[in-house]
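Let me begin by presenting the structure, written as structure tokens, before commenting on it.
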Protein chains: 2
Amino acid sequence: MSDHDPLADAELTFLLGMGFQLVLGEFVTRVAAAGYADLRPVHGMVFQVLKGCGATGSELAERLGVTKQAAGQIVDDLERRGYVRREPHPDGGRRRLVVLTDAAVRHLAVAGEVLHELEDELADRLGAADLAHLRETLARLIRDRAGDHPPPLRPVW
Amino acid sequence: MSDHDPLADAELTFLLGMGFQLVLGEFVTRVAAAGYADLRPVHGMVFQVLKGCGATGSELAERLGVTKQAAGQIVDDLERRGYVRREPHPDGGRRRLVVLTDAAVRHLAVAGEVLHELEDELADRLGAADLAHLRETLARLIRDRAGDHPPPLRPVW
DNA sequence: TGGCTGAGTAAAGCTGCTTGACTCGTGTGT
DNA sequence: ACACACGAGTCAAGCAGCTTTACTCAGCCA
């Protein structure tokens with residue numbers, strides 16, 4: 001056909017990257033519009049890790065896939081802005097437990113809502129069955145490449 | 001069920017990001033093993049843009065979604081390492097045409113081969129029909145969010 | 001002639017990470 | 001009891017890959 005879709009020929013890697021970029025970009029835009037323009041996706045990852053009973057800086061670093069110094073800097077930043085607190089760790093030692101403040105918990109709720117909203121919209125536009133199939137195939141791809149323990153999600157290239 | 005798949009509950013955004021990260025990581029590893037450990041994905045994007053008849057620095061910058069200074073720095077780097085040349089532009093002015101050397105053309109061939117190899121392996125493991133469906137749904141997602149002119153693929157967060 | 005436009009360049013600054021070197025509590029072996 | 005290794009945390013410096021700001025230079029058109 002003369003009007004051939006260039007996306008049909010695109011590399012799978014490109015399709016995945018572009019899909020991720022567009023969806024994440026939309027997510028970031030909406031969360032920023034909800035009053036969180038000062039939080040990047042990595043901060044959301046931090047909140048996910050700390051959700052529940054918190055974690056130490058080293059645990060956080062491992063979960064984020066960065067050095068403990070980098071994790072410390074992120075925590076410094078979030079502490080200054082009132083999203084986390086450092087408390088003495090029950091197990092003592094030099095350990096300190098990083099925990100979420102209410103502001104961070106509220107952000108988690110908003111972010112979760114935005115994610116579901118976005119996914120619902122995509123289900124409408126792409127078809128719920130196709131979206132479910134997309135999820136399922138992606139999950140198998142991830143399991144195939146990374147097993148049961150996918151590595152930390154890091155900025156790509 | 002006691003043995004429930006945590007990936008089934010994961011956010012779509014997460015699945016897309018993890019899928020992209022794993023596939024791109026595998027791609028980078030294999031291309032590095034083929035002798036191109038000194039080239040990042042962005043260099044491959046540059047080669048894609050310049051493939052054919054080359055481009056000016058400003059055109060390249062626009063296609064990459066960076067400032068022309070950043071594009072100039074990348075071109076400086078690639079020129080030093082023998083992957084591109086700057087030639088006088090046929091249209092004159094201050095313009096200069098950045099074109100690929102044979103080394104870059106060889107890299108393009110290798111990278112293309114690796115991408116197809118990777119996609120064939122995934123077709124084997126996930127099922128050709130499911131992979132085709134994945135591609136098709138991703139293409140529709142991209143078209144839905146970006147129309148016919150998807151923005152440059154950039155490092156994400 | 002003189003000014004506008006658009007490509008390219010030069011220099012400095014910034015962000016988010018890393019590496020290297022340390023300090024300090026704690027348990028462990030002898 | 002004492003030394004000491006270990007692991008968490010922190011300080012400082014460095015670095016990559018961009019951006020912002022500010023300029024130079026060639027053509028073009030009134």
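Chain letters run A, B, ... following the sequence lines, proteins first, then strands; residues in each count from 1. Note that these values count all heavy atoms, side chains included, but never hydrogens, waters or copies made by symmetry.
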(request) Would you indicate which nucleotide in C/dA12, C/dT18, D/dT20 comes nearest to any side-chain atom of B/Q73? (result) C/dA12
(request) Take atom NE2 of B/H43 and atom C1' of D/dC18, then tell me their distance rounded to the nearest Å. (result) 13 Å
(request) Would you indicate what B/G72 reaches in the nucleic acid, counting non-hydrogen atoms under 4.0 angstrom: base, sugar-phosphate, or nothing? (result) nothing
Just distance, no hydrogens or angles: give the donor-acceptor pairs under 3.5 Å from side chains in residues 14-27 of chain B, sequence neighbours left out.
residue: B/Q21; atom: OE1; partner: A/R154; partner atom: N; Å: 2.7
residue: B/Q21; atom: NE2; partner: A/P152; partner atom: O; Å: 2.8
residue: B/E26; atom: OE2; partner: B/R30; partner atom: NE; Å: 2.9
residue: B/E26; atom: OE2; partner: B/R30; partner atom: NH2; Å: 3.2

(request) Report the distance from atom CG of B/L97 to atom C1' of C/dG8, rounded to the nearest whole Å. (result) 14 Å
(request) Return the value, rounded to whole Å, for the distance between atom CD1 of A/I74 and atom C1' of C/dT18. (result) 13 Å
(request) May I have the distance from B/Q69 (atom CD) to D/dT19 (atom P), rounded to whole angstrom? (result) 8 Å
(message) Tell me whether A/D77 is salt-bridged to A/R81, with the criterion being a basic N under 4.0 Å from an acidic carboxylate O.
(response) yes
(message) Quick check: do B/H89 and B/R94 have side-chain heavy atoms less than 4.5 Å from each other?
(response) no
(request) Quick one: label A/T56 by what it contacts on the DNA or RNA (base, sugar-phosphate, nothing), any heavy atom closer than 4.0 Å. (result) sugar-phosphate
(request) Whole angstrom is fine here: how far is it from CZ in B/R96 over to P in D/dT24? (result) 19 Å
(message) Would the base of D/dA8 count as contacting A/R94 through its side chain, where contact means a donor and an acceptor less than 3.5 Å apart?
(response) yes
Could you go through residues 95-115 of chain A and list every donor-acceptor pair under 3.5 Å that involves a side-chain atom there, pairing it with any protein atom two or more places apart or in another chain?
residue: A/T101; atom: OG1; partner: A/G82; partner atom: O; Å: 2.7
residue: A/T101; atom: OG1; partner: A/Y83; partner atom: O; Å: 3.2
residue: A/T101; atom: OG1; partner: A/A103; partner atom: N; Å: 3.4

(message) Please tell me if B/R86 has a side-chain N or O lying less than 4.0 Å from either OP1 or OP2 of C/dG8.
(response) no
(request) Identify the two heavy atoms, one from B/V28 and one from B/P41, that lie closest to each other, and give their separation to 0.1 Å. (result) CG2-CG, 3.9 Å
(message) Output the rounded distance in Å from CG (B/D77) to P (D/dC18).
(response) 10 Å
(request) Hey, which sits more toward the 5' end of DNA chain D by its nearest nucleotide, B/P155 or B/K68? (result) B/P155
(message) Does C/dG8 have OP1 or OP2 under 4.0 Å away from a side-chain N or O of B/S58?
(response) yes
(request) Provide, to the nearest angstrom, the distance between the CG atom belonging to B/D91 and the C1' atom belonging to D/dA26. (result) 13 Å
(request) Respond yes when some side-chain nitrogen or oxygen of A/R154 is under 4.0 Å from OP1 or OP2 of C/dG16, and no when none is. (result) no
(request) Take the protein atom CD of A/E62 and the nucleotide atom P of D/dG9, then report the distance between them rounded to whole Å. (result) 12 Å
